[in-house]
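So that the names make sense, note that chain A is the first sequence line, chain B the second, and so on, each numbered from 1.
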Amino acid sequence: MPDNFELNRIAQLYASYERAINQREFESWVDIFSSEPYYRITARENFEKNLPLSTLVLSSKGMMKDRAYGITQTIFHDPYHQRNITGLPFVSSVEDSASGKGRLVQCEANFSVFRTKLDKLSEVFCVGRYFDEIVEEDGALKFAKRVCVIDSEMIPNAIIYPI
Amino acid sequence: MKQDGLKEAIGWEGGDCATIPLSIYTDREVYERELERLFYNGHWCYLGLEAEIPNPGDFKRTVIGERSVIVVRDKSGAINGFENLCAHRKMKFCRARDGNVGEFVCPYHQWIYDLQGNLRGVPYQRGLRQDGKLSGGMPSDFKREENGLRKLKIATRGGVIFGSFDQDVESFEDYLGEEVLRYFDRIFDGRKLVILGYNKQRIPSNWKLMMENIKDPYHAGLLHTWFVTFGLWRADSKMRLLMDPTKRHAVMAGTRSVQQAQAELVSGVTSFKADMALNDPSQIDIVHEEWWGEYTATMMTLFPSVIIQQQVNSLSTRHIQPSGPNAFDFVWTHFRFEDDDEEMHARRLKQANLFGPSGYVSADDGEVLEFSQEGFSANPSDRMIALMGGRGTEEANVIASENLIRGMYKYWREVMEV
Ligand code: FES
Ligand SMILES: [Fe+2]
């Protein structure tokens with residue numbers, strides 16, 4: 001079991017993540033990941049059938065930066081506000097990492113994302129569950145891995161921002 | 001000739017295919033006629049890939065138009081399809097997305113169907129014995145053979161499954177026409193396919209706009225930064241825009257530009273980012289595959305229900321599932337070939353980042369379709385123009401042409417009689 005100090009730090013990491021994407025601070029979003037990150041959005045159907053396709057998969061820091069650039073510079077999309085609400089982390093394991101780099105925490109949490117388009121009512125954009133791996137780098141907790149598994153069967157048109 | 005109120009209401013003159021009345025995207029009656037004439041009669045609709053149901057008893061649930069259908073592989077290995085609609089009280093009985101079964105049982109009154117869709121069991125068909133005599137049950141003239149599920153005609157080619165409610169529909173090969181068939185066979189040449197996974201999105205626009213989007217080479221070299229900047233589809237790309245003889249299907253075949261974009265082609269094009277360089281170039285690590293031939297992309301619209309995408313190393317089918325005149329569900333099935341090596345497998349998955357609901361390219365498309373529909377809904381008696389390349393419907397070979405869209409409407413008007 002993680003001690004209270006560690007749980008607080010995980011909660012703080014979650015809150016920073018939520019804040020970064022809700023405030024559209026995509027550079028901070030990139031920084032919240034470790035130097036060898038893995039970020040994936042996929043449908044629950046793919047996840048449960050072990051199908052490798054992702055809605056989006058970013059497997060390097062460079063790819064994450066390219067996504068941040070894509071969101072702001074290359075993808076044409078409707079302006080919208082995103083409100084991501086992440087639940088409490090369920091810590092499934094804490095291990096000493098073999099590399100001696102420090103501890104590896106595996107945890108999960110529910111998320112819901114609301115979307116508000118200009119002149120429109122707020123709506124549920126998608127709901128799902130995160131499967132995370134958290135490591136310590138330079139004294140700070142970072143996501144080594146965040147897999148976003150979406151329950152929602154149909155994406156309401158386009159996913160632009162990270163969820 | 002019978003007066004056709006719908007034809008009058010739409011008011012589309014003569015042989016015009018270039019000025020399109022917006023009501024055909026918003027009107028409920030037009031939509032109902034489309035379902036009847038395009039999805040339920042006279043056409044082949046996409047059902048799936050054989051690799052999704054490899055074993056006897058495997059089934060998947062999908063749709064033709066708005067009707068739920070089941071596709072199943074029976075004990076003999078043959079693929080059958082029927083409507084997901086119990087013969088008894090017309091309940092949509094199959095709720096699972098897919099699975100493996102020996103028979104289908106409608107839960108309401110337990111009628112049993114075999115994997116060919118034949119009715120095999122009706123509880124208490126002959127009634128119940130009470131006080132020594134039979135009472136209730138089905139009348140003696142009720143025949144199980146006449147009360148099976150509504151069967152689909154099935155065609156498979158190269159691992160792709162199509163179905164039709166219309167038992168008299170022409171052969172799938174005739175339906176595609178010789179030339180489009182050649183492009184179909186270029187991808188589906190008998191190699192075993194492996195499913196990579198699915199992406200599903202709800203696009204709030206009329207279903208035809210998605211067909212038009214993939215018959216529109218003009219936008220692809222302007223809207224999409226990734227296409228323009230990395231030369232995947234650009235004004236200087238060599239291309240061929242062809243149709244079948246009826247002009248309902250089309251193929252946009254293009255060869256990516258590896259040269260620097262010439263200034264006059266991209267000046268003023270805001271989506272072109274001259275100094276954009278990827279931090280991780282592995283996302284466009286394109287490897288030319290032998291079977292491509294000269295084209296690096298072939299985007300096929302098989303009217304009315306599916307788009308088949310080969311854009312460099314990424315392959316998918318995109319199933320159009322209409323839901324009223326103002327929305328459709330868009331289901332992407334990405335696949336690879338069984339004999340791909342590990343690198344090609346990984347490459348196909350990575351290039352999938354360009355497509356689907358969050359794709360660097362396709363996210364743009366979903367958005368512009370939604371905004372088009374918003375324009376139409378507020379102005380159903382207005383018209384749009386599709387005049388790039390003239391008013392004709394002949395084959396073209398430049399990006400600045402809307403010939404394929406006009407071709408589709410030439411056909412659409414014939415079948416819809418409007
Ligand atoms: S509705 Fe299916 S058995 Fe009665
Ligand atoms: Fe496009």
Side-chain angles (χ1 to χ4, degrees), chain A residues 27 30 36-37 39-80 117-120 123-126 148-163, chain B residues 97-98 194-205 223-226 228-229 270-271 273 276-284 316 321 323 327 329-336 345-346 348-350 352-371 374:
Chain A
E27 275 157 34
V30 175
E36 285 175 20
Y39 176 78
R40 178 186 187 204
I41 303 174
T42 197
R44 184 169 178 155
E45 181 180 4
N46 294 330
F47 188 74
E48 288 179 350
K49 289 180 176 165
N50 261 321
L51 292 170
L53 186 76
S54 307
T55 302
L56 183 71
V57 61
L58 307 172
S59 51
S60 69
K61 207 84 175 175
M63 282 176 88
M64 298 197 81
K65 289 182 186 153
D66 291 333
R67 183 70 190 177
Y69 179 81
I71 293 166
T72 53
Q73 305 297 320
T74 81
I75 303 177
F76 172 72
H77 67 89
D78 217 6
Y80 69 99
K117 286 190 164 198
L118 305 185
D119 314 318
K120 302 266 172 72
E123 59 189 345
V124 177
F125 183 62
C126 65
C148 321
V149 179
I150 298 181
D151 288 343
S152 316
E153 287 278 311
M154 292 294 159
I155 300 296
N157 210 346
I159 296 189
I160 310 297
Y161 304 148
I163 55 172
Chain B
R97 194 202 307 279
D98 48 40
V194 178
I195 307 295
L196 292 175
Y198 304 95
N199 269 316
K200 302 184 179 179
Q201 60 187 139
R202 162 69 54 100
I203 298 183
S205 91
L223 172 65
H224 303 310
T225 295
W226 277 56
V228 187
T229 306
T270 57
S271 55
K273 310 262 180 230
M276 174 177 167
L278 292 176
N279 289 292
D280 187 337
S282 73
Q283 293 172 94
I284 48 162
S316 73
Q321 309 184 343
S323 176
D329 292 335
F330 203 37
V331 175
W332 304 63
T333 306
H334 283 252
F335 60 91
R336 65 175 178 89
H345 182 180
R348 296 202 201 285
L349 286 170
K350 216 176 244 191
N353 272 354
L354 271 69
F355 306 102
S358 77
Y360 286 114
V361 172
S362 302
D364 303 346
D365 288 319
E367 294 286 276
V368 296
L369 264 51
E370 178 173 349
F371 311 154
E374 285 183 353

For the pair B/E374 and A/K120, evaluate salt bridge (Lys or Arg N to Asp or Glu O under 4.0 Å) and give the outcome as yes or no after the intermediate values. CA-CA 13 Å; B/E374 285 183 353; A/K120 302 266 172 72; 3.1 Å; yes
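For A/K49, the part sitting under 4.5 Å from any heavy atom of chain B is the side chain, from C-beta outward, and nothing else. Interface residue B/W226: only side-chain heavy atoms are found under 4.5 Å from chain A. For A/P52, the parts lying near chain B are the backbone and the side chain together; criterion is any non-hydrogen pair under 4.5 Å. Proximity to chain A is limited to the side chain of B/H345, based on heavy atoms less than 4.5 angstrom apart. Contacts between A/N46 and chain B at a heavy-atom distance below 4.5 Å involve the side chain alone, from C-beta outward. Contacts between A/Y69 and chain B at a heavy-atom distance below 4.5 Å involve the side chain alone, from C-beta outward.
Under the 4.5 Å side-chain criterion, counting only non-hydrogen atoms from C-beta, B/E367 is in contact with A/N157. With contacts defined as side-chain heavy-atom distances shorter than 4.5 Å, the pair A/S54/B/L349 does not qualify. Side chains of A/L53 and B/Y198 form no contact here, defined as non-hydrogen atoms less than 4.5 Å apart. By the 4.5 Å heavy-atom criterion applied to side chains, B/N353 and A/L58 are counted as neighbours. Using a 4.5 Å heavy-atom threshold, the side chains of B/K200 and A/E45 count as touching.
Note that NE2 of B/H334 and CG of A/L51 are 12.0 Å apart. Values are rounded to the nearest 0.5 Å. Put simply, CD1 on A/I75 and OH on B/Y360 are 6.5 Å apart, with the number rounded to the nearest 0.5 Å. The distance from atom CZ of A/R67 to atom OG of B/S358, rounded to the nearest 0.5 Å, is 4.5 Å. Between the CG atom in B/N279 and the CE atom in A/M64 there is a gap of 12.0 Å [rounded to 0.5 Å]. Taking CG from B/L278 and CE from A/M63, the interatomic distance works out to 9.5 Å, rounded to the nearest 0.5 Å.
B/R202 has no carboxylate O lying under 4.0 Å from a charged side-chain N of A/E123, or vice versa, which leaves the two without a salt bridge. Electrostatic pairing of B/R97 and A/E153 counts as a salt bridge here, judged by a charged N lying under 4.0 Å from a carboxylate O.
Put simply, of A/T42, A/I41, A/V57, the one with the most heavy-atom pairs under 4.5 Å next to chain B is A/V57. With chain B as the partner, the residue from A/I159, A/L56, A/N50, A/I71 showing the most heavy-atom pairs under 4.5 Å is A/I159.
Judged by distance alone, the side chain of B/D280 and the main-chain N or O of A/D66 form no donor-acceptor pair under 3.5 Å.
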